[in-house]
Amino acid sequence: MQKSFIPQTLPKSPARRKFIGQFGITGAAALAAGVVGVEPLIQSEHSQIHAAAAAGSNRRANDCAKLRRDSAQAGLQNTPQNLQHPPNGDESLYSNKIANYSKGLPHNNDGTVDLDAYEALLQALNTGRAADFDAIPLGGNRRLTNPQAGLAFDMEGPDAHALVQPPAPAFASREQAAEISENYWMALLRDVPYSQYSTHPIANAAAADLTLYGSDFKGAKISGMVTPATLFRGLTPDDVAGPYLSQFFYQSCNFGANKIEQKIRTTMPGIDYMTNFNTWLAVQRGINQPGDVFDPTARYMRNGRDIGQWVHIDVLFQAYFHGFLILAGLGAPVDDGNPYVGNLTQDGFGTFGGPHIAALLCEVATRALKAVWFQKWFVHRRLRPEVHAARVDRTLNHAAGYPVHPEILNSLSSGTRLGGYLPAGNALLPMAFPEGSPTHPAYGAGHATVAGACVTILKAWFKESTKLAGLLVTPLEPLDDGTALMPYGGMDAGDLTVGGELNKLASNVAVGRNTAGVHWRSDATESLKLGEQLAIGILKDQKACYNERFDGFSLTKFDGTQITV
């Protein structure tokens, strides 16, 4: 659209020109010296200048208001009337709320939630009143994480309540049994380097076990089979290329004058948490636990424990900001749609330049959180894997009779499936974090939604097809002890692309939360899509705001379809 601007130099008013013409040079000088009654004339001239400026300002304000109204109207028209947000039905099916999130509330000695406390939570969620949220009873000293964020509005992008996630797998479903199986296998392999999966007996057993779930296991497969090469990977074709972790976790970058090396402070191997029922119950009640035990040696991430610790304390847009710094430092080509590609007189900066994308990555992150917080608290309220595993344990070992799917019970009772590998004693899920999951529901996943949003921005900004080898980048992978990096020697080393490694980056972060035990496979998969929707909506809204001739950014979605925004 055309925009109105206040000219930097306003034209001289007709009255001023006429006045100077009548008096000539001498008269003008006299006026300048204040010989005549010049004050009213100057005031008159200034008032006309101010009027012209005000007219220009009003035009700009009106254009801005119209732009915002049009954007809001488009959002309204794109939101279906009577939009539905379907949960999986578990909350109404089980009166004791065994299939829903309740962490942080008072719990009974059998691990079920105090129903009065759960009703108080529902009361607050149904009314939205701040006083009702303040009245939710807690079982310990951990507070609920920001449920009111799901009620916040935003001034840009789709409204948080206009985006839909499909129902999560049901508590008693075979798909949920497959997902908790994957969580168990992730815990068993937490300290095994990814580079050893092809030959490691537990990795091979995990692949074989998850394959038995057939189409009910939604993880990456080759010809319908889970293999050590696809184990715990994401679902895009690029996710199974190259090392398990994205190159954006290994390549160094500069943050201004600061050099960033990607070694991390990780935790000690072999230490897992919540492996007995009393500790598990204390954690569900929200009672704080002792902290992590840290490895004194900084390491490059090489296994599930490392990525789990990374996603334990990261700044939510951190991985993608690092990705931007790496790509910008390498001079990676931007999308062909960027209006400054080939421009002979100008560079992008506040629009279509470095500050634009750097700020945008942070901007989409908080909007993604509002969207997924609505799904978490106000729609699905899905239980965390640590709770489902406890329901499995109480059924298997304590005759609780919960309706968990029989296949997970059979697997845990088998000498060749999970039962042959989990430590004897119980079926609790060994957790990577002392406190277990955060104090908010599982579905959707905050990390995964932010990952989907931020990676969508990066794929829109940079030319996805660019090969890393073309940027003079040597693909890297860590030594098995994580103390150093070495060149990746796989046959596909020269084929790794910017877009592919960005997709992998998003999956690594999303699935890394599962590896720690705090999320499910479907939390990751569906929340990447939610973040993608959110980012596309923001890009669409911003497109109308630019003065540059701009036809839109092109990108490849997680499902492989290509779009121009």
Side-chain angles (χ1 to χ4, degrees), residues 68-69 71-92 97 100-105 113 116-138 142-168 286 316-317 362-384 437-450 452-454 519 523 526-527 529-538 541:
R68 294 182 180 185
R69 285 194 301 269
S71 178
Q73 189 62 36
L76 179 62
Q77 291 174 349
N78 289 332
T79 303
Q81 291 188 347
N82 303 315
L83 180 67
Q84 300 296 310
H85 293 279
N88 63 13
D90 281 345
E91 189 171 68
S92 58
K97 311 306 177 188
N100 289 95
Y101 175 85
S102 59
K103 189 169 187 174
L105 304 181
V113 68
D116 288 339
Y118 195 85
E119 287 302 316
L121 171 64
L122 294 183
Q123 168 78 3
L125 295 172
N126 287 330
T127 67
R129 291 194 296 258
D132 288 340
F133 284 105
D134 292 342
I136 298 170
L138 299 181
R142 291 189 72 193
R143 292 169 289 191
L144 303 179
T145 304
N146 199 198
Q148 294 185 70
L151 297 175
F153 287 96
D154 242 319
M155 298 298 288
E156 185 181 47
D159 180 61
H161 296 203
L163 302 176
V164 176
Q165 281 192 298
L316 280 182
F317 55 84
C362 312
E363 182 181 351
V364 299
T366 182
R367 293 190 165 121
L369 287 180
K370 292 171 189 172
V372 74
W373 248 243
F374 168 69
Q375 299 292 333
K376 281 177 177 292
W377 285 107
F378 294 88
V379 181
H380 303 288
R381 294 187 285 277
R382 188 186 192 185
L383 81 171
R384 293 279 181 166
S437 75
T439 52
H440 49 85
Y443 185 80
H447 273 77
T449 307
V450 172
C454 289
H519 271 295
D523 294 350
E526 294 302 327
S527 299
K529 299 174 188 175
L530 180 69
E532 181 179 70
Q533 290 182 72
L534 186 283
I536 289 171
I538 288 176
D541 276 2

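From a predicted model like this one, the values you see are computed outputs, not experimental measurements.
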Response to the item:
So CG of Asn78 and CD of Gln73: to nearest 0.5 Å the spacing works out to 10.0 Å

Discussion item. Within this structure, what is the OG1-NZ distance for the pair Thr449 and Lys370, rounded to the nearest 0.5 Å?
Written reply: 14.5 Å

Worksheet, complete the sentence: His380 meets the ring pair (Phe, Tyr, Trp, His ring centres under 6.0 Å) criterion, sequence neighbours left out, with Tyr443

Discussion item. Determine whether a donor-acceptor pair (N or O, by modelled atom type, separation under 3.5 Å) exists between the side chain of Arg382 and the backbone of Asn100.
Written reply: no

Discussion item. How close do Ala371 and Leu163 get, counting heavy atoms only, and between which atoms?
Written reply: CB-CD1, 4.2 Å

Fill in: Phe317: partners by ring pair (Phe, Tyr, Trp, His ring centres under 6.0 Å), with sequence neighbours left out
none

Practice prompt. Answer yes or no: is there a donor N or O on one side and an acceptor on the other, between the side chain of His85 and the main chain of Gln165, under 3.5 Å?
Written response: no

Fill in: Main-chain N/O of His440 paired with Tyr101 side-chain donor or acceptor, under 3.5 Å
yes

Discussion item. For Ser527 versus Gly444, what's the shortest heavy-atom pair and its separation?
Written reply: OG-CA, 3.2 Å

Fill in: With Arg367 via side chain to side chain donor-acceptor pair (under 3.5 Å) - residues at least two apart
Asp154, Glu156, Glu363

Worksheet entry | Geometric cation-pi criterion Lys376 and Trp373, 6.0 Å radius, 45° cone | yes

Item to complete: Could you pull out the closest heavy-atom pair between Thr145 and Trp377, with the gap in Å?
Response: O-NE1, 3.4 Å

Practice prompt. Please state whether the rings of His161 and Phe378 are parallel, tilted or perpendicular, taking 30° and 60° as the class boundaries.
Written response: tilted

Discussion item. Is it the case that the side chains of Ser437 and Lys103 hold a donor-acceptor pair, with the cut-off being a distance below 3.5 Å and no angle test?
Written reply: yes

Discussion item. Please evaluate residues Leu122 and Arg381 with respect to the criterion side-chain contact (heavy atoms from CB on, under 4.5 Å), reporting the C-alpha separation (whole Å), side-chain torsions for both, the decisive distance (0.1 Å), and the verdict.
Written reply: CA-CA 10 Å; Leu122 294 183; Arg381 294 187 285 277; 3.6 Å; yes

Practice prompt. Please report the closest heavy-atom contact between Tyr118 and Ser102, naming both atoms and the distance.
Written response: CD1-CB, 4.3 Å

Worksheet item: Could you walk me through whether Lys529 and Glu532 pass the salt bridge (charged side-chain N to carboxylate O under 4.0 Å, His left out) check?
Response: CA-CA 5 Å; Lys529 299 174 188 175; Glu532 181 179 70; over 6 Å; no

Worksheet item: What distance separates Asp541 CG from Met155 CE, expressed to the nearest 0.5 Å?
Response: 11.0 Å

Worksheet, complete the sentence: Between Gly128 and Leu151, the two heavy atoms sitting closest are CA-CD1, 3.8 Å

Practice prompt. Check whether any side-chain N or O of Asn88 sits under 3.5 Å from a backbone N or O of Pro167 as a donor-acceptor pair, and report yes or no.
Written response: no

Discussion item. Once rounded to the nearest 0.5 Å, what's the spacing between atom CG of Leu105 and atom CG of Leu121?
Written reply: 6.0 Å

Practice prompt. Search all heavy atoms of Leu125 against all heavy atoms of Phe133 and return the closest pair with its distance.
Written response: CD2-CE2, 3.9 Å

Worksheet item: Going from CG on Leu383 to NZ on Lys97, what distance comes out if it is rounded to the nearest 0.5 angstrom?
Response: 13.5 Å

Practice prompt. Any chance you could measure Leu144, atom CG, to Leu138, atom CG, to the nearest 0.5 Å?
Written response: 5.5 Å

Worksheet item: Hey, is CZ on Arg142 packed in by over 12 heavy atoms from elsewhere, all under 6.0 Å?
Response: yes

